[in-house]
Amino acid sequence: MLQLEGGGRCVMTELQRLLLAYDEHRTAGRACALASVVDVAGSAYRRPGARMLVTEDGQLTGAISGGCLEGDARRRARQTIQRGKPTIVTYDSTDPDDDLQFGAALGCQGIVQILLEPLDFQDPQNPLELLRRWAEGVEETAVVATIFSLAGAAAPAQVGERLLLTSDGAVQGSLSSASVLYQAILADARQALAAGQPATRHYPAEAGTVRVCLEILRPPVRLTVYGAGNDVQPVVRLASGLGWRVQVLDGRPAQAQPARFPEAEAVRVVPLAQVEKEPHNSSFALLMTHNYYYDLAVLRHLLDSPTLYVGLLGPRKKYDRLLTDLQKDVPDAAARLQGRLYSPIGLNLGAETPEEIALSIIAEIQAVLTARPAGFLRDSPHPIHPSLHADGPMVADGRVDAICEL
């Protein structure tokens, strides 16, 4: 937990937990290696960007799978620390006979490649320090391109070199800009950033191929909840547990108390007359005040906001009445809310209790965030994740069967 001003606590994201552990190990002088998923073909529990920090004495922070790869990856990461150079490990579970023979029993039917890198605490370009610099701003999407295989190539680059491109066009990292390879990677990074989709790219080089992982870094979701009733508490808990940054606003001082929402980043009293003076700083908003006129003021306030999702608690009749009243002053209100106003809120899960309703609301926001239809996965004719290999099939450096630890 991160301690916030006013006594609140915010659940840390996976990256924040890694950085906290990294700082503790650096202070204690414990050598570390970073294990990162850099490529996946077929099915796998985690996607590129999943990371695990391993110390020389075997301490783990983070995860690169559902538990089956961590034990073997820990052993190999400790060897990487001793050798002082990065290595790539391939876990292949596409052959069920070999999988069972070697005792892996992964069951995922996929190929996962893990980049293992010793971390130099003195290097400001090491992967966690690079990610730290992005996370400190944390307000814009970025893409990080990581070279994870040279595949026999004599290239002007090294495994583990990176390029970080943010949405404002700024570029940083350890990858030298004085090469044709850099320009090619930068062009593909820009394309991945514009599309918002991760990818794996192959670049021809002298006597071989350079392979690069393009990972999308997204800032934490910002959610503003208008209302501080008891039904908001499980919403805040679930959202915060996902690493979202949540603020709670209400006009009632007795309800808008930080002690009631310890996981929220901020809890503030905002009287009805002050609602329209609030800044627009969230991509997602929930109206759960149970106060018609407060909801009306918030809805009017959000008309010109960049908010992607406005969820309104209550029956459809309430929504119709609010929209009718709003259009008396703002005739084009319906058009300005088109596609982003959700009412009634939540997925159709048969929710009844506050906790169940909170689950349906957070699930709907997640579906909107990822542009998914939110149906049953069993009914989808498509893979859960799109292929990362638009420029050709995955090429593995070699096979290593994992040892499953349950």
Side-chain angles (χ1 to χ4, degrees), residues 14-15 18 34-41 46-51 64 85-90 112-117 119-120 123-138 140-206 208-219 385-397:
E14 187 173 59
L15 177 56
L18 283 173
L34 185 67
S36 307
V37 177
V38 290
D39 201 14
V40 171
R46 298 297 305 270
R47 305 297 290 174
R51 299 178 178 86
I64 53 172
K85 56 187 300 184
T87 187
I88 189 81
V89 181
T90 302
V112 181
Q113 293 202 295
I114 308 295
L115 176 61
L116 303 173
E117 304 169 88
L119 295 177
D120 180 355
D123 182 5
Q125 300 296 342
N126 85 42
L128 284 183
E129 293 294 357
L130 187 64
L131 291 170
R132 186 201 303 275
R133 290 197 292 276
W134 169 78
E136 285 175 348
V138 89
E140 56 186 347
T141 303
V143 60
V144 59
T146 303
I147 294 177
F148 67 90
S149 172
L150 300 180
Q158 298 295 324
V159 170
E161 290 189 327
R162 287 172 169 81
L163 175 155
L164 176 67
L165 171 69
T166 50
S167 55
D168 62 358
V171 182
Q172 56 181 304
S174 56
L175 186 61
S176 172
S177 60
S179 69
V180 175
L181 176 63
Y182 174 90
Q183 296 301 327
I185 293 174
L186 180 58
D188 281 343
R190 286 172 176 154
Q191 184 178 20
L193 186 60
Q197 295 295 328
T200 298
R201 291 288 180 262
H202 302 170
Y203 303 93
E206 183 181 346
T209 301
V210 176
R211 294 176 20 228
V212 174
C213 166
L214 299 173
E215 174 199 350
I216 303 297
L217 301 175
R218 304 184 192 279
H385 300 287
S387 173
L388 300 170
H389 298 266
D391 58 353
M394 178 177 180
V395 181
D397 291 333

Within the side chain of Glu161, is there an N or O that forms a donor-acceptor pair under 3.5 Å with the backbone of Gln158?
-> yes
Would you give the length of the straight line joining atom CG of Leu165 to atom OG1 of Thr141, rounded to the nearest 0.5 angstrom?
-> 11.0 Å
Quick one: do Gln113 and Val37 satisfy side-chain contact (heavy atoms from CB on, under 4.5 Å)? Show the steps, please.
-> CA-CA 6 Å; Gln113 293 202 295; Val37 177; over 6 Å; no
Those residues that, when tested against Gln125, pass side-chain contact (heavy atoms from CB on, under 4.5 Å) (two or more places apart) = Asp123, Leu130, Arg133, Ser174
Close side-chain approach of Pro198 and Leu214, heavy atoms under 4.5 Å = no
Would you say Arg218's side chain and Glu140's backbone share a donor-acceptor pair under 3.5 angstrom?
-> no
Any Lys/Arg nitrogen of Glu215 or Arg51 sitting under 4.0 Å from an Asp/Glu carboxylate oxygen of the other?
-> yes
Just wondering, more than 12 heavy atoms not from Gln183 lying within 6.0 Å of its CD?
-> yes
Over all atoms of both residues, closest heavy-atom pair of Ala35 and Leu116 | CB-CD2, 3.4 Å
Hey, does Thr146 have a side-chain heavy atom less than 4.5 Å from the side chain of Val212?
-> no
Does a side-chain heavy-atom distance below 4.5 Å link Val38 with Pro48?
-> no
Measure the shortest side-chain to side-chain distance between Val171 and Tyr182 over non-hydrogen atoms and say whether it is less than 4.5 angstrom.
-> yes
Do Val159 and Leu115 have side-chain heavy atoms sitting under 4.5 Å apart?
-> yes
Roughly how far, to the nearest 0.5 Å, is OG of Ser36 from CD1 of Ile114?
-> 8.0 Å
Just how far is it from atom CG of Leu18 to atom CZ of Arg132, taken to the nearest 0.5 Å?
-> 11.0 Å
Would you check, one step at a time, whether the test side-chain contact (heavy atoms from CB on, under 4.5 Å) holds for Thr209 with Tyr203?
-> CA-CA 6 Å; Thr209 301; Tyr203 303 93; 5.8 Å; no
Is Ser176 reaching over with its side chain to a backbone N or O of Ala178, donor-acceptor style, under 3.5 angstrom?
-> yes
Can you tell if the side chain of Ile185 reaches within under 4.5 Å of the side chain of Asp188, non-hydrogen atoms only?
-> no
Modelled atom types, side-chain donor and acceptor of Arg162 and Gln172, under 3.5 Å = no
Specify the closest pair of heavy atoms between Ile216 and Ala192, including all atoms of both residues, with the distance to one decimal.
-> CD1-O, 3.5 Å
Might you work through the side-chain contact (heavy atoms from CB on, under 4.5 Å) test for Leu217 and Val144, ending with a clear yes or no?
-> CA-CA 7 Å; Leu217 301 175; Val144 59; 4.3 Å; yes
Start with the C-alpha distance between Val112 and Asp39, add both sets of side-chain angles, then the distance that settles side-chain contact (heavy atoms from CB on, under 4.5 Å), and finish with yes or no.
-> CA-CA 6 Å; Val112 181; Asp39 201 14; over 6 Å; no
Donor-acceptor under 3.5 Å (Asn126 side chain, Leu119 main chain) | no
Rounding to 0.5 Å, atoms CD1 (Ile147) and CZ (Arg201) come to a distance of 15.0 Å
Closest heavy-atom contact between Leu175 and Ala157?
-> CD1-CB, 4.1 Å
